[in-house]
Amino acid sequence: MIDALTYAGAVAAISTICALVFGLVTGGGLSRAKLVLFFVGFILLGYTTARLWPRSPSDLEDEAALSGVSGDSIPETADQTRFQALVASLPPKRWFQEPPPEDRINPAGKLFFGSLAVLLISYLMEAVFGI
């Protein structure tokens, strides 16, 4: 779970920084950044929902398909993107030992939590800070 929270925090932080830069460069300020975060959050939410959706009813019956692990042998090093490697080097994830592959949340699930964090930041900018 630490892995998913760190991933979600990194997605939210990078999205927020990019939205703030975009808002300031285009002259819209924080108001435009809030709207960009709103739309980016919903686009990510739709994308991850499509990625997490089972392709067939048999996907729901197979434990390996639910955990994102397939096959009998699990490789020692999983395929990682540069962003996943960056997140793995961030605290607090780097302070904890990784769980076995069958207990990890797949990348689409982590991105789902990241999309919720982006939407939360957009909401907080609107409701709490009055932007």
Side-chain angles (χ1 to χ4, degrees):
M1 194 59 163
I2 297 290
D3 182 33
L5 293 176
T6 306
Y7 194 92
V11 167
I14 289 174
S15 298
T16 303
I17 291 169
C18 291
L20 288 172
V21 168
F22 179 77
L24 294 174
V25 166
T26 59
L30 295 176
S31 179
R32 185 159 298 155
K34 174 190 66 174
L35 287 173
V36 168
L37 284 174
F38 178 77
F39 288 118
V40 166
F42 270 107
I43 289 170
L44 285 175
L45 188 67
Y47 172 72
T48 57
T49 300
R51 291 262 328 262
L52 290 170
W53 203 266
R55 287 180 232 138
S56 69
S58 65
D59 287 347
L60 297 174
E61 297 169 2
D62 187 17
E63 280 295 319
L66 288 175
S67 64
V69 178
S70 60
D72 291 335
S73 65
I74 299 170
E76 289 294 322
T77 58
D79 294 332
Q80 278 193 344
T81 63
R82 286 185 282 176
F83 183 72
Q84 290 171 340
L86 170 74
V87 170
S89 68
L90 294 174
K93 179 165 178 350
R94 69 176 174 185
W95 298 330
F96 295 97
Q97 184 178 11
E98 286 194 28
E102 61 272 0
D103 293 338
R104 292 183 203 154
I105 298 174
N106 62 8
K110 294 180 214 176
L111 191 57
F112 179 78
F113 288 127
S115 68
L116 293 178
V118 170
L119 286 172
L120 178 66
I121 291 171
S122 173
Y123 174 75
L124 291 175
M125 288 175 77
E126 174 80 29
V128 176
F129 300 115
I131 297 172

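Note: hydrogens, waters and symmetry copies are ignored here, and every other heavy atom, side chains too, is used. The first residue in the sequence is number 1, and the count goes up from there.
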* Verify same cluster id: F39, V25 (apolar side-chain graph, 4.5 Å) -> no

* Asked: L24 and L30: side chain to side chain contact (heavy atoms under 4.5 Å, CB included), yes or no, with the steps?
  -> CA-CA 7 Å; L24 294 174; L30 295 176; 5.6 Å; no

* Structure fact -> d(K34 NZ, Y123 OH) to nearest 0.5 Å is 12.0 Å

* To do: Taking all heavy atoms of A19 and all of A33, pick out the closest pair and write down the distance.
  => O-CB, 3.4 Å

* Asked: What heavy-atom pair brings G41 and S115 nearest, and what distance separates the two atoms?
  -> O-CB, 3.7 Å

* Structure fact -> Scanning both residues in full, the closest heavy-atom pair of A4 with I105 reads CB-CD1, 3.7 Å

* Structure fact -> For L52 and A108 the tightest heavy-atom approach is CD2-CB, 3.7 Å

* Asked: Given side chains that start at C-beta, do those of Y7 and V11 come closer than 4.5 Å, heavy atoms only?
  -> yes

* Asked: What distance separates L116 CG from I121 CD1, expressed to the nearest 0.5 Å?
  -> 11.5 Å

* Identify whether L120 and V40 are in the same connected component of the hydrophobic contact network (ILVMFWY, side-chain heavy atoms under 4.5 Å). => yes

* Measuring from F112:CZ to L44:CG, what's the distance to the nearest 0.5 Å? -> 11.0 Å

* **Side-chain heavy atoms of D3 within contact of K110, under 4.5 Å** => yes

* Looking only at heavy atoms, which two atoms of T26 and R32 are closest? And how far apart? -> OG1-NH1, 2.9 Å

* Asked: Which atoms form the tightest heavy-atom contact between L45 and T49, and what is the distance?
  -> O-OG1, 2.7 Å

* Do L5 and F113 touch side chain to side chain, with heavy atoms closer than 4.5 Å? -> no

* Distance (rounded to the nearest 0.5 Å) between M125 CE and L20 CG -> 6.0 Å

* To do: Measure the spacing between CG of L37 and CZ of F22 and express it to the nearest 0.5 Å.
  => 11.5 Å

* Structure fact -> Rounded to the nearest 0.5 Å, the OG atom of S122 sits from the CG atom of L35 at a distance of 7.5 Å

* Asked: Transitively linked via ILVMFWY side-chain contacts under 4.5 Å: I43 with W53?
  -> no

